[in-house]
Chemist: 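I have a structure I would like to understand better, so I am pasting it below and will then ask my questions one at a time.
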Amino acid sequence: MHILPTLSTLFIVISAIFMAIGIAKVKNGQVEAHRKMMMLAALSALIFFVIYASRTVFIGNTAFGGPDALVPYYTVFLIFHIILATTGGILGGVQVYLGLKEKLARHRKIAPWASTIWFATAITGVMVYVLLYVLYPGGETTSLIKAILQG
């Protein structure tokens, strides 16, 4: 079993669930519950990132192990996911900052974009996991450290 990819994917899903609950809470006027849910969402996303970054550095990322004909499609999809994840992570950090500093006008203005991008990140992240570890056998992995030392 691929424990670290499974664990990191689980945390990104948990992050999206906390965020959905947080959005529902604020729409019902439960601002403190919203804050708690969003902090849990941010913490879950941070745990995901720590697991993912550690795995990338020490173990490596898994290459796509599916049919060669699907590699270009998978690559484009992965690039799309990476752009979403990077944008969502940055917007999430901005949202946490704005919320904690009570800059609520800007927080509310960015929120629909940030949440949509984060939900899309979670969905595409699960899809990447399914493509790499469920539907097809994972390809080779090379750790970043090994790649640097051998390069």
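Keep in mind that the numbers below use all heavy atoms, side chains included, and drop hydrogens, waters and symmetry copies. Heads up: numbering here begins at 1 and tracks the sequence.
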Chemist: To the nearest 0.5 Å, what is the distance between CD1 on Ile51 and OG1 on Thr6?
Modeler: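 So the gap between those two atoms works out to 10.5 Å.
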
Chemist: Drop me the distance from Ile82's CD1 to Thr87's OG1, to the nearest 0.5 angstrom.
Modeler: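 If I round to the nearest 0.5 Å, the distance is 11.5 Å.
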
Chemist: Any side-chain heavy atom of Tyr74 within less than 4.5 Å of one from Val128?
Modeler: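 They are in contact (side-chain heavy atoms under 4.5 Å apart), so the answer is yes.
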
Chemist: If two hydrophobic side chains count as joined below 4.5 Å and joins carry through other members, does Val31 share a cluster with Leu104?
Modeler: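 Different hydrophobic clusters.
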
Chemist: Calculate, to the nearest 0.5 Å, the distance between atoms OG1 and CG belonging to Thr62 and Leu131 respectively.
Modeler: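 Reported value, rounded in 0.5 Å steps: 12.5 Å.
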
Chemist: Output the distance between atom CG (Leu7) and atom CD1 (Ile12), rounded to the nearest 0.5 Å.
Modeler: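 Here the interatomic distance stands at 12.0 Å.
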
Chemist: In this structure, would Val94 and Leu43 fall into the same cluster of hydrophobic residues linked by side-chain contacts under 4.5 Å?
Modeler: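 Shared cluster, no.
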
Chemist: Please tabulate, for the side chains in residues 20-30, all donor-acceptor contacts under 3.5 angstrom to protein atoms that are two or more places apart in sequence or on a different chain.
Modeler:
unit_1	atom_1	unit_2	atom_2	d
Asn28	ND2	Ala24	O	3.3

Chemist: Measure up the Phe80 and Phe77 rings against each other and bin them: parallel (under 30°), tilted (30 to 60°), perpendicular (over 60°).
Modeler: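 Rings of Phe80 and Phe77: tilted, as their planes differ by 30° to 60°.
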
Chemist: Within the side chain of Thr86, is there an N or O that forms a donor-acceptor pair under 3.5 Å with the backbone of Ile83?
Modeler: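 No; judged by distance alone, with no hydrogens or angles, the pair does not exist.
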
Chemist: Quick check: closest heavy atoms across Ala69 and Pro72, and the distance to 0.1 Å?
Modeler: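 Minimum heavy-atom separation between Ala69 and Pro72: O-CD, 3.6 Å.
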
Chemist: Is any side-chain heavy atom of Leu70 closer than 4.5 Å to a side-chain heavy atom of Tyr136?
Modeler: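 A side-chain contact exists here, since the closest heavy-atom pair is under 4.5 Å.
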
Chemist: So which pairs with a foot in residues 108-126 pass side-chain hydrogen bond (donor to acceptor under 3.5 Å, both in side chains), sequence neighbours left out?
Modeler: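 For residues 108-126: Ser15-Trp118, His81-Thr124.
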
Chemist: Membership question, hydrophobic clusters at under 4.5 Å side-chain separation (ILVMFWY): are Ile3 and Phe48 in the same one?
Modeler: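 Yes; Ile3 is reachable from Phe48 via cluster members.
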
Chemist: How far does CG of Leu132 sit from NE2 of His2, to the nearest 0.5 angstrom?
Modeler: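 So the CG of Leu132 and the NE2 of His2 are separated by 9.0 Å.
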
Chemist: Indicate yes or no: at least one non-hydrogen side-chain atom of Phe11 is less than 4.5 angstrom from one of Leu46.
Modeler: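 Not in contact.
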
Chemist: Would you find more than 12 non-hydrogen atoms of other residues, nucleotides or ligands less than 6.0 Å from Phe49 atom CZ?
Modeler: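 No, because the 6.0 Å sphere around CZ of Phe49 holds 12 heavy atoms or fewer from other groups.
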
Chemist: Could you pull out the closest heavy-atom pair between Ala42 and Val96, with the gap in Å?
Modeler: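 Closest approach of Ala42 to Val96: CB-CG2, 3.9 Å.
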
Chemist: With hydrophobic residues grouped by side-chain heavy-atom distances under 4.5 Å, do Phe119 and Ile90 end up in a single group?
Modeler: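 No.
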
Chemist: In the single-linkage hydrophobic clustering (I, L, V, M, F, W, Y; side-chain heavy atoms under 4.5 Å), do Tyr129 and Tyr52 co-cluster?
Modeler: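 Same cluster: Tyr129 reaches Tyr52 through Ile, Leu, Val, Met, Phe, Trp or Tyr contacts under 4.5 Å.
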
Chemist: Evaluate the side-chain proximity of Met19 to Met37: yes if any heavy-atom separation is below 4.5 Å, no if none is.
Modeler: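 Sidechains of Met19 and Met37: no contact.
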
Chemist: Would you give the length of the straight line joining atom CD of Gln95 to atom NZ of Lys103, rounded to the nearest 0.5 angstrom?
Modeler: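 Rounded to the nearest 0.5 Å, the CD-NZ separation comes to 13.0 Å.
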
